[in-house]
Undergrad: 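Sharing a structure here in structure tokens format.
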Amino acid sequence: AAGYLMSLGAEVIRYDPKNKAFRILSSNETHPADIKLSCEELITVAGGTVYSNTHKLSFSDKEWGIIEKIIRFYFKKRDVWTKFVKYLQRISKKDGEKVGDSLWIEAPAKFNADGKTFFADTEIMNGLEKTGAISDFNFSHKENRLEFKYESPEIANLLVNEGVWLELIIYFTVRNSDVFTDSDTGVKFIWDIPDGGNSLNNLLSGNTPRNEVDVVAVRGIKPIFISCKTRLPINEDLNELYAIREHFGGELACAVLATTKHVDRESPIYERARAMGIEIIHEQDIDFGTAKNKLIKLSEV
């Protein structure tokens, strides 16, 4: 195709990502250019529009320090974390309030609601106090009461979100690797670009396909789309991730499915992921610190 265009007098220029240079095909002349796209720019180039980011990432330095401590603590307690979060969700707001409106919490340590029993995990509460996420924690078994104070509304909202911590683990892994040029979490986008009278609001209110990717990482012009699951992955997870990579990433794009569960290399889901060109990062990669090396290797051109 390039040769045909050149025979018609068109100049064809190709970007060589490995050598980071534009190459004029007719003369083989090169011009260095280290292109670094942001996550949003990359999706725009592929014909999509980012319209929201799920998670606020503009935390204070103090909050970032607390978050890093919670991440390490969460992974140790991941098997009981979801049940604990269900309890926190029930006690962390009063009627007519949002989570974070009141930082001081007083609640029963155990109660029944909607046919279910909710109870505090005092070991997790003590651990959260050590991270700085909460303070003034006090528990009375005799009175079946507890009280504590959240560090900030932002920390409170993170703690009542059961799925956010794996995303933050992966995000921190990317951010601390020093090779990625951009990264973001909770990236929501539609498969179209507003033009003319077709505004973004019109596209969002219509039937335009849309997706959310838990973590997007970019190295130069190479994107990695990462989906995070706190359960064992299923075929539908792979299919959705595959479609996003094919549509928005081009030939350089990679897809990763991260999970807090162990995925055996001989399992059908692992075999299917490998056949689809999707990398799996599971609990052992996070435990042993190999997730970072996997992501860096994938990002190489």
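Worth knowing before you read on, the calculation uses all heavy atoms, side chains too, and leaves out hydrogens, waters and symmetry mates.
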Undergrad: Please report the closest heavy-atom contact between Ala291 and Thr173, naming both atoms and the distance.
TA: C-CG2, 4.2 Å
Undergrad: Would you indicate whether His141, at its atom NE2, is surrounded by more than 12 heavy atoms from other residues, nucleotides or ligands within a distance under 6.0 Å?
TA: no
Undergrad: So, Trp165 versus Phe172, ring centres under 6.0 angstrom or not?
TA: no
Undergrad: For Glu63 and Ser152, run side-chain hydrogen bond (donor to acceptor under 3.5 Å, both in side chains): C-alpha distance rounded to whole Å, both residues' side-chain angles, the deciding distance at 0.1 Å, then the answer.
TA: CA-CA 8 Å; Glu63 287 169 337; Ser152 68; 2.8 Å; yes
Undergrad: So Trp64 and Tyr171, would you call those rings parallel, tilted or perpendicular, with 30° and 60° as cut-offs?
TA: parallel
Undergrad: Taking C-beta and beyond as the side chain, do Arg245 and Ile278 meet within less than 4.5 Å on heavy atoms?
TA: yes
Undergrad: What do the steps show when you test Gln89 against Glu162 for side chain to side chain contact (heavy atoms under 4.5 Å, CB included), and what is the final call?
TA: CA-CA 10 Å; Gln89 290 170 346; Glu162 61 190 89; 4.0 Å; yes
Undergrad: Should Ile43 and Val187 count as side-chain neighbours, where that means a heavy-atom distance under 4.5 Å?
TA: yes
Undergrad: For Glu300, is there an ion pair with Lys222 - N to carboxylate O distance below 4.0 angstrom?
TA: no
Undergrad: For the CZ atom of Arg272 and the CG atom of Leu238, what is their distance to the nearest 0.5 Å?
TA: 6.0 Å
Undergrad: If you measure only the distance, is there a donor-acceptor pair under 3.5 Å linking the side chains of Asp121 and Trp81?
TA: no
Undergrad: Please lay out, stage by stage, how Glu97 and Ser102 fare under the test side-chain hydrogen bond (donor to acceptor under 3.5 Å, both in side chains).
TA: CA-CA 8 Å; Glu97 287 187 346; Ser102 298; 2.8 Å; yes
Undergrad: Relative to the ring of Phe139, is the ring of Phe137 parallel (under 30°), tilted (30 to 60°) or perpendicular (over 60°)?
TA: parallel
Undergrad: On the ring face of Phe75, is Arg78 found with NZ or CZ under 6.0 Å from the centre and within 45° of the axis?
TA: yes
Undergrad: Answer yes or no: is there a side-chain heavy-atom contact under 4.5 Å between Glu279 and Asp285?
TA: no
Undergrad: Tell me whether Ile35 shares a hydrophobic cluster with Ile24, the cluster being built from Ile, Leu, Val, Met, Phe, Trp, Tyr side chains joined at under 4.5 Å.
TA: yes
